[in-house]
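Everything below concerns the one structure shown next.
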Amino acid sequence: QKEVEQNSGPLSVPEGAIASLNCTYSDRGSQSFFWYRQYSGKSPELIMSIYSNGDKEDGRFTAQLNKASQYVSLLIRDSQPSDSATYLCAADSSYKLIFGSGTRLLVRP
Amino acid sequence: SQTIHQWPATLVQPVGSPLSLECTVEGTSNPNLYWYRQAAGRGLQLLFYSVGIGQISSEVPQNLSASRPQDRQFILSSKKLLLSDSGFYLCACRANGGEQYFGPGTRLTVT
């Protein structure tokens with residue numbers, strides 16, 4: 001069974017801090033990785049995609065991929081209370097994405 | 001960019017009643033389409049996916065079915081709803097093996 005694992009949290013950080021979210025995946029054949037943000041009661045929103053080893057930055061978000069370790073992370077700099085949400089990590093596997101169960105992030109004002 | 005429409009936004013149905021949820025996509029051709037369900041406080045459960053018209057793959061055996069009558073239309077159905085069918089139903093679209101986007105979802109309550 002191909003899996004993506006995330007710590008369910010909650011991860012609590014103060015406003016302005018860096019939030020670090022991590023996930024591991026089991027399918028060595030996965031080539032594409034994604035981070036989604038889901039606010040309570042809403043559908044998941046794609047915030048980052050990463051396809052090669054290393055870092056990819058987009059505004060306050062940085063995605064990091066290490067295929068050798070089968071590890072993906074998301075850093076959120078200058079965290080804001082509006083970043084409080086559940087963050088889902090996903091890895092592609094054939095025609096579909098395998099999702100982790102999500103990490104709940106709480107940013108304290 | 002692609003736009004995903006789902007309706008209705010909310011639905012309350014009695015146990016044993018039929019269900020039909022529709023998803024349509026704009027802005028892309030021949031996408032892969034997906035139906036997910038999310039129970040309250042839980043993760044995403046992939047129910048069905050389709051790589052083309054008339055092609056449906058089922059991930060979880062249950063009393064739901066899916067159909068894809070047109071390239072950008074994906075329908076989720078049930079003949080008789082169970083209490084356990086309550087949840088947030090999400091349609092998603094992925095084109096050319098790239099990024100996957102979700103529709104706004106339908107919140108179904110079976111009473």
Cluster check [X], [Y]: I/L/V/M/F/W/Y, side chain < 4.5 angstrom:
{"X": "Y25(A)", "Y": "I47(A)", "value": "yes"}
{"X": "F61(A)", "Y": "L105(A)", "value": "yes"}
{"X": "L11(B)", "Y": "L81(B)", "value": "yes"}
{"X": "Y49(B)", "Y": "F99(A)", "value": "yes"}
{"X": "L108(B)", "Y": "W35(B)", "value": "yes"}

Got L44(B) and S101(A) here, is their nearest side-chain heavy-atom distance under 4.5 Å?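 With C-beta onward as the side chain, the pair stays apart.
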For K67(A), is the NZ atom crowded, meaning more than 12 foreign heavy atoms sit under 6.0 Å from it?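 Correct, the count exceeds 12.
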Sort Y95(A) into side chain, backbone, both or neither according to what part of it lies under 4.5 angstrom from a heavy atom of chain B.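 Backbone plus side chain of Y95(A), per the 4.5 Å heavy-atom cut-off to chain B.
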L88(A) versus chain B, the contacting section by heavy-atom distance below 4.5 Å: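 When you check distances to chain B, only side chain atoms of L88(A) fall under 4.5 Å.
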If I take atom [atom1] from residue [X] and atom [atom2] from residue [Y], how far apart are they, to the nearest 0.5 angstrom?
{"X": "K96(A)", "Y": "R94(B)", "atom1": "NZ", "atom2": "CZ", "answer": "12.0 Å"}
{"X": "L97(A)", "Y": "Y34(B)", "atom1": "CG", "atom2": "OH", "answer": "6.0 Å"}
{"X": "F34(A)", "Y": "Y101(B)", "atom1": "CZ", "atom2": "OH", "answer": "9.0 Å"}
{"X": "Q6(B)", "Y": "S43(A)", "atom1": "CD", "atom2": "OG", "answer": "7.5 Å"}
{"X": "F102(B)", "Y": "Q38(A)", "atom1": "CZ", "atom2": "CD", "answer": "8.0 Å"}

When you measure from the side chain of S49(A) to the backbone of E99(B), do you find a donor-acceptor pair of N or O atoms at a distance under 3.5 Å?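 Not confirmed, S49(A) side chain does not pair with E99(B) backbone.
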Checking R42(B) against chain A: side chain, backbone, both or neither under 4.5 Å from a heavy atom?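 The answer is neither part of R42(B).
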Taking side chain as everything from C-beta outward and backbone as N, CA, C, O, which of these in Q38(B) sits under 4.5 Å from a heavy atom of chain A? Side chain, backbone, both or neither.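 The side chain, not the backbone.
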